[in-house]
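A short worksheet on the structure shown next.
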Amino acid sequence: MPLHLYNSYTRCKQPFVPLVAGAVSLYVCGVTVYDYCHLGHARTYVVWDMVRRYLARRYSVTLVQNITDIDDKIIRRAEERQVAMSALVAEFIAAYDEDMARLNVLPADRYPRATESIPQMIALIRTLEERGIAYASGGDVYYGVQAFPRYGQLSGRSLSGMQAGASGRVEEGDPFKRYPLDFALWKAAKPHEPAWDSPWGRGRPGWHIECSAMVRAELGDSIDIHAGGMDLQFPHHENEIAQSEAVTGQPLAQFWLHNGFVNIDGEKMSKSLHNFRTIREILAVFHPMAVRWFILQAHYRQPIDFTEAAMQAATKSWESLWDAWRCGVLLAEVLPSSPLPEVIARFEAAMDDDLNTAVALAVLLELAKPLRSTWHRVQHGGTLTGDRAQLARTWQTLHEIATDLGFCFSDPELKPAATEPEDTTWIETLIAHRRQAKGDRNYAEADRIRQELGARGITLIDQPGGVTLWRRSDATSATK
RNA sequence: GGUGGUGUAGCCAAGUGGUAAGGCAGGAGCCUGCAAAGCUCUCAUCCGGGAGUUCGAAUCCCCCCACCACCUCCA
């Protein structure tokens with residue numbers, strides 16, 4: 001079965017066939033860099049990273065993701081903090097890169113920036129103006145949506161419907177607009193604001209035009225997949241279509257993909273509700289791959305609810321996977337091996353059905369089961385039993401699928417937030433005392449020491465032969 | 001008001017005509033001086049409600065109920 005994707009534009013699943021055989025052009029709407037990325041960004045970029053990796057099994061993929069580095073919020077934030085806009089932007093681009101690296105999101109092939117694409121944007125706006133679609137008004141330039149018959153098609157809205165139902169929600173305040181749903185292509189500069197010269201005077205671009213300009217410059221008039229968060233479907237992507245297609249006459253993208261939102265404890269995540277979580281706050285508590293597991297556990301178009309319980313469950317699942325992976329060290333002699341074709345086929349069948357990662361993860365856990373069981377038996381003092389060759393093939397399969405889903409096992413950067421290397425001799429001292437007590441059959445004292453360590457977050461594991469391992473209650477691996 | 005979506009065990013979540021995947025939590029047993037960790041087994045006669053089509057429906061049709069998102073910057 002070929003890959004089927006749900007296309008927001010047609011509102012149905014369609015078989016995916018690239019415009020150019022063997023190559024896929026993918027454009028993902030990127031971040032506005034004025035603050036740290038939050039959990040919603042994490043979901044978005046993990047999801048599209050998964051898509052990109054999966055597509056890369058069959059195609060050569062070019063991923064372009066824009067960076068919005070000029071915008072009202074950036075200007076305001078820079079003013080508040082009394083820093084240059086460029087410094088603010090640089091800081092949060094670096095933070096973005098850091099967060100994404102920890103989540104094991106592969107970098108895009110290119111990251112065009114709005115401020116570096118001004119000439120392309122101006123060229124588009126001029127063409128729109130020449131065709132009578134855009135109009136200059138009061139130093140601004142607006143897109144007249146009534147001039148584009150298909151306006152509303154992507155989001156399934158009609159101009160009349162939006163007007164009728166808008167009930168005061170559509171901004172009435174702008175005296176320069178001819179029609180309430182018209183949107184700004186170019187904004188006249190206010191004093192002290194960053195500005196560029198243009199045929200309409202000094203100003204800066206509106207938000208939507210940058211993506212139209214960048215897609216065209218980086219990938220061409222028509223691309224395979226344009227992706228982003230659900231909220232971008234309207235108005236952002238609708239406006240992009242209106243801008244680009246009015247100029248090129250070509251479909252901007254053959255597939256429009258949108259990912260669902262993240263809720264926190266059942267509520268929409270928003271700053272006003274004070275339930276806003278940045279990626280770095282979350283990664284201080286949970287393993288990045290547990291976050292990735294949490295995200296991929298649900299279908300990408302469904303909303304997901306971030307709760308403590310859900311994250312604990314995701315952490316457990318990730319730890320199972322990790323334990324299974326570590327079993328590889330026991331199989332070094334028989335690795336690499338060949339993956340199990342019927343399992344790969346099941347994985348692909350799930351993914352080909354509009355990227356059903358929930359099933360893909362179930363396949364992973366199934367593979368993990370015998371491996372982690374073997375690993376645990378060995379770690380608890382047993383010996384390696386079972387069919388090594390079969391285990392090796394299982395491991396190889398797990399490795400292939402997990403890697404395609406973007407799980408990373410080995411990079412130390414991905415471990416929980418690094419803490420100071422601390423002095424653990426006090427733990428070892430207590431363990432030695434306990435060993436002594438046990439030797440003396442003084443179990444009351446031995447149990448007291450176990451309790452004392454337990455109260456301080458240390459769990460003890462007695463192995464056969466008198467060896468005692470310890471681990472932090474929140475860690476996944478034991479230390480001798 | 002418009003548009004789209006969702007409702008499957010305590011929780012997360014697959015399954016879209018053939019008789020309920022998987023995970024978390026829970027329960028029992030094994031192991032242990034006691035534990036921990038682990039291992040084994042177990043855990044929805046039923047899929048928001050009602051009516052219908054069918055040999056057969058969580059899956060298709062109709063009606064109803066509930067919840068959510070978008071329609072404004074937003075991933």
Side-chain angles (χ1 to χ4, degrees), chain A residues 8 11 28-32 35 37-48 71-73 152 155-158 160-171 181 207 227-236 238 258-263 266-271 293-294 297-299 301-305 307-318 320 323 346 350 353 356-366 368-369 372-382 438 441-444 446-447 450-451 453-454 458-464 468-471 473 478:
Chain A
S8 300
R11 277 174 272 284
V28 173
C29 283
V31 286
T32 300
D35 205 345
C37 284
H38 53 65
L39 189 53
H41 295 110
R43 182 182 196 188
T44 294
Y45 299 111
V46 163
V47 161
W48 303 123
D71 144 287
D72 288 344
K73 292 188 287 290
S155 51
R157 296 155 212 272
S158 64
S160 56
M162 282 190 281
Q163 253 205 319
S167 59
R169 285 177 155 191
V170 171
E171 216 175 294
L181 288 163
W207 174 39
M230 215 66 148
D231 54 324
L232 298 184
Q233 189 175 355
F234 186 89
H236 184 58
E238 195 73 71
H258 295 99
N259 65 278
F261 260 36
V262 179
N263 293 326
E267 285 188 311
K268 181 182 170 175
M269 180 170 67
S270 78
K271 287 186 173 170
W293 188 282
F294 166 72
Q297 177 187 300
H299 186 86
R301 285 190 281 115
Q302 295 308 123
I304 53 175
D305 193 19
T307 61
E308 181 72 24
M311 275 313 302
Q312 278 170 5
T315 299
K316 291 266 192 178
S317 297
W318 157 245
S320 290
D323 282 346
R346 275 201 291 140
D353 182 16
N356 190 338
T357 50
V359 166
L361 262 44
V363 169
L364 271 183
L365 284 177
E366 195 180 301
K369 204 171 180 183
R372 69 188 288 264
S373 164
T374 301
W375 170 254
H376 284 145
R377 283 174 200 279
V378 170
Q379 210 196 11
H380 284 265
K438 281 177 70 175
R441 307 191 77 78
N442 183 357
Y443 293 122
D447 289 349
R450 178 194 289 290
Q451 278 194 347
L453 282 165
I458 306 296
T459 300
L460 298 183
I461 305 170
D462 288 338
Q463 285 192 314
T468 298
L469 305 181
W470 65 271
R471 47 179 265 169
S473 308

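First the proteins, then the strands, lettered A, B, ... as listed; each starts at 1.
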When we call it a touch if two heavy atoms are under 4.0 Å apart, what does [X] touch: a base, just sugar-phosphate, or nothing?
| X | value |
| --- | --- |
| A:L460 | base |
| A:R377 | sugar-phosphate |
| A:Q302 | sugar-phosphate |
| A:K73 | sugar-phosphate |
| A:A313 | sugar-phosphate |
| A:F234 | sugar-phosphate |
| A:G40 | base |
| A:V262 | base |
| A:R43 | nothing |
| A:S320 | nothing |

Work out how far the [atom1] atom of [N] is from that of [M], and round it to whole angstrom.
| N | M | atom1 | answer |
| --- | --- | --- | --- |
| B:U59 | B:G17 | P | 11 Å |
| B:G48 | B:G7 | P | 8 Å |
| B:G49 | B:U6 | C1' | 16 Å |
| B:C63 | B:A51 | C1' | 8 Å |
| B:G50 | B:C55 | C1' | 23 Å |
| B:U8 | B:C41 | P | 28 Å |
| B:A35 | B:A9 | C1' | 32 Å |
| B:C47 | B:U19 | C1' | 13 Å |

Does [N] pair with anything, Watson-Crick or G-U wobble, both distances under 3.5 Å, and if so, with which nucleotide?
| N | result |
| --- | --- |
| B:C60 | B:G52 |
| B:C43 | none |
| B:G7 | B:C65 |
| B:C74 | none |

Of the listed nucleotides [options], the one nearest the side chain of [X]:
| X | options | answer |
| --- | --- | --- |
| A:Q297 | B:G33, B:C12, B:C70 | B:C12 |
| A:D231 | B:A35, B:G33, B:A75 | B:A75 |
| A:R11 | B:A75, B:G4, B:G33 | B:G4 |
| A:R157 | B:A25, B:C73, B:G2 | B:G2 |

- Looking at residues at least two apart in the chain, or sitting in another chain, which of them share a salt bridge (Lys or Arg N to Asp or Glu O under 4.0 Å) with A:R450? A:D462

Nearest-Å distance for atom pair [atom1]/[atom2], residues [X] and [N]:
| X | N | atom1 | atom2 | value |
| --- | --- | --- | --- | --- |
| A:W375 | B:A37 | CH2 | C1' | 14 Å |
| A:I304 | B:A13 | CD1 | C1' | 12 Å |
| A:H299 | B:C68 | NE2 | P | 22 Å |
| A:R301 | B:A75 | CZ | C1' | 17 Å |
| A:R372 | B:G22 | CZ | C1' | 13 Å |
| A:M269 | B:C74 | CE | C1' | 10 Å |
| A:K268 | B:C67 | NZ | C1' | 16 Å |
| A:D447 | B:U32 | CG | C1' | 11 Å |

- What orientation do A:H41 and A:H38 show, parallel under 30°, tilted 30 to 60°, or perpendicular over 60°? tilted

- Item | Stepwise side-chain contact (heavy atoms from CB on, under 4.5 Å) test for A:D231 and A:F261 | CA-CA 8 Å; A:D231 54 324; A:F261 260 36; 3.2 Å; yes

- Message: Quick check: do A:S317 and A:L361 have side-chain heavy atoms less than 4.5 Å from each other?
- Response: no

- Query: So do A:N259 and A:W48 actually touch side chain to side chain, heavy atoms under 4.5 Å?
  - Reply: yes

- Task: Determine whether the side chains of A:Q233 and A:S8 contain a donor N or O and an acceptor N or O closer than 3.5 Å.
- Result: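 Looking only at side-chain atoms, A:S8 and A:Q233 do not form any donor-acceptor pair under 3.5 Å.
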
- Does A:F261 stack onto the base of B:A69, taking stacking as ring centres under 5.5 Å apart and planes under 30° apart?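 It does not: the two rings, one from A:F261 and one from B:A69, miss the stacking criterion.
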
- Message: To check you understand the geometry: which heavy-atom pair defines the closest contact between A:I304 and A:A298, and what is its length?
- Response: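 Smallest interatomic distance, heavy atoms only, reads CG2-CB, 3.2 Å.
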
Does OP1 or OP2 of [N] have a side-chain N or O of [X] closer than 4.0 Å?
| X | N | value |
| --- | --- | --- |
| A:K369 | B:C39 | no |
| A:H376 | B:C39 | yes |
| A:N356 | B:G15 | yes |

- Report the residue (A:D353 or A:L39) whose heavy-atom-nearest nucleotide on RNA chain B is the more 5′ of the two.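 Residue closer to the 5' terminus by nearest nucleotide: A:D353.
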
- Message: Return whichever of A:D305 or A:D71 has its heavy-atom-nearest nucleotide of RNA chain B closer to the 5' end.
- Response: A:D305

- Query: Would you find more than 12 non-hydrogen atoms of other residues, nucleotides or ligands less than 6.0 Å from A:R11 atom CZ?
  - Reply: yes

